Asks: 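Attaching a single structure in structure tokens format; questions to follow.
When a ligand or atom number is given, it counts from 1 through the structure's own listing order. Here the structure is a predicted model, which means the values were calculated and not measured.
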Amino acid sequence: MTESVSAARPPQGANGAPLPDVIAVDGPAASGKGTIAAGVARALELHYLDSGSLYRLVALKALRTGVAFDDEPALAILAAGLDVRFDDGAITLDGADATAAIRQEDVSAGASRVAVHGSVRRALIERQRAFRRPPGLVADGRDMGTVVFPDARIKVFVTASAEERARRRHKQLIAKGISITMDGLLRDIRERDARDTGRAAAPLKPAPDAVLLDTTNLTIDEAIARVLALYRAAVDRTNAEDPKA
Ligand code: DC
């Protein structure tokens with residue numbers, strides 16, 4: 001991991017007041033970015049956005065209402081009108097708990113398919129930016145550092161080999177009593193990677209100023225510690241350059 005994060009001045013909102021800090025954590029499926037981002041948010045007592053849950057909610061709603069994953073105009077309307085609430089890790093869709101439903105494998109595959117549509121992505125942008133509230137936000141996804149929060153204080157791009165990611169997902173599913181083969185999981189992960197990376201709208205790629213964090217041989221706690229160290233270094237650098245910032 002390189003330690004060269006630029007010390008940008010805190011970005012300012014329309015009224016000139018500094019905007020709350022964002023820590024952007026992007027990366028491919030099952031890289032550990034969600035667990036890392038949630039751990040960093042807990043450690044720093046910041047808000048947390050799991051942006052993938054929004055694409056999952058659009059896919060779930062599409063499945064429930066019979067909208068096809070390639071019907072971009074209808075999906076964009078669903079995305080703009082999502083009736084969703086986030087409370088401390090619990091997600092409510094149309095007034096009913098959807099926390100577990102959005103993690104099902106058919107919804108995971110659907111989320112990756114609805115996410116290729118530019119108008120669906122645009123419909124979700126302001127909803128994501130609304131999570132940026134004091135004292136700050138840790139946001140995880142695919143385009144947090146490139147599109148949604150290009151002025152994030154630090155950007156981390158989490159990677160791990162496809163085999164290691166399949167192994168982690170396998171362990172999680174087995175713990176939940178779901179039986180699935182490693183071969184099938186590896187194939188799904190590679191297909192999702194190809195779709196997320198190859199799409200025209202906001203493809204999965206590190207921002208030019210992102211720090212790469214390969215977690216293949218790191219524990220979650222080690223990965224969280226590295227992000228915390230990067231953030232503290234960036235804040236210290238800004239304070240040293242401009243004590244009033
Ligand atoms: O992070 P996740 O696995 O819950 O995301 C589900 C899908 O949503 C993933 O296949 C790609 C898409 N996604 C996206 O395109 N942009 C984001 N910021 C987050 C997720």
Asks: Looking at ligand 1, is there an atom of it that comes within less than 4.0 Å of some heavy atom belonging to Arg195?
Replies: no
Asks: Any carboxylate oxygen within less than 4.0 angstrom of a Lys/Arg side-chain nitrogen, looking at Asp26 and Arg142?
Replies: no
Asks: Looking at atom 8 (O) of ligand 1, what's its closest protein heavy atom, distance included?
Replies: Tyr55 CB, 3.5 Å
Asks: Does Gln128 reach ligand 1 with a nitrogen or oxygen that is under 3.5 Å from one of the ligand's nitrogen or oxygen atoms?
Replies: no
Asks: For Arg56, is at least one N or O under 3.5 Å away from an N or O on ligand 1?
Replies: yes
Asks: Would you tell me whether Asp221 and Thr219 have side-chain atoms, one donor and one acceptor, within less than 3.5 Å of each other?
Replies: no
Asks: Between Thr216 and Ser161, is there a donor-acceptor pair closer than 3.5 Å when you use the side chain of the first and the backbone of the second?
Replies: yes
Asks: Only heavy atoms of Ser112, strictly under 4.0 Å: list the atoms of ligand 1 that pass.
Replies: 10 (O)
Asks: Is the backbone N or O of Ser108 less than 3.5 Å from a side-chain atom of Ser112, with the two atoms forming a donor-acceptor pair by type?
Replies: no
Asks: Can you find a side-chain donor-acceptor pair between Glu72 and Ser119 that sits under 3.5 Å?
Replies: yes
Asks: Would you say Arg199 and ligand 1 have an N/O pair spaced under 3.5 Å apart?
Replies: yes
Asks: Could you tell me the residue and atom name of the protein heavy atom closest to atom 7 (C) of ligand 1, and the distance to it rounded to 0.1 Å?
Replies: Ala111 CB, 3.7 Å
Asks: Taking atom 16 (N) of ligand 1 as the point of reference, which of Arg192, Glu191, Arg121 owns the nearest heavy atom?
Replies: Arg121
Asks: Of all the non-hydrogen atoms in the protein, which one sits nearest to atom 20 (C) of ligand 1, and at what distance?
Replies: Gly52 CA, 3.5 Å
Asks: Holding to side chain to side chain donor-acceptor pair (under 3.5 Å), I want the full list of residues that pass it with Asp236, two or more places apart in sequence or in another chain.
Replies: none
Asks: Could you list which atoms of ligand 1 come closer than 4.0 Å to a heavy atom of Asp196?
Replies: 9 (C), 10 (O), 11 (C)
Asks: Taking only residues two or more places apart in sequence, or in another chain, which ones meet Asp50 in a side-chain contact (heavy atoms from CB on, under 4.5 Å)?
Replies: Tyr48, Ser53, Arg103, Asp140
Asks: Given Lys33, Arg142, His117, which one has a non-hydrogen atom that is nearest to atom 17 (C) of ligand 1?
Replies: Arg142
Asks: Establish whether Met144 and Leu137 are linked, either directly or via other cluster members, by ILVMFWY side-chain heavy-atom contacts under 4.5 Å.
Replies: yes
Asks: I'd like to know if Asp21 pairs up with Arg132 as an ion pair, taking the criterion as any Lys NZ or Arg NE/NH1/NH2 lying under 4.0 Å from an Asp or Glu carboxylate oxygen.
Replies: no
Asks: What atoms in ligand 1 come closer than 4.0 Å to a heavy atom of Ala115?
Replies: 12 (C), 15 (O)
Asks: Taking only heavy atoms of Met144 into account, list the atoms of ligand 1 that are under 4.0 Å away from them.
Replies: 18 (N)
Asks: May I ask you to check whether Ser51 has an N/O atom sitting below 3.5 Å from an N/O atom of ligand 1?
Replies: yes
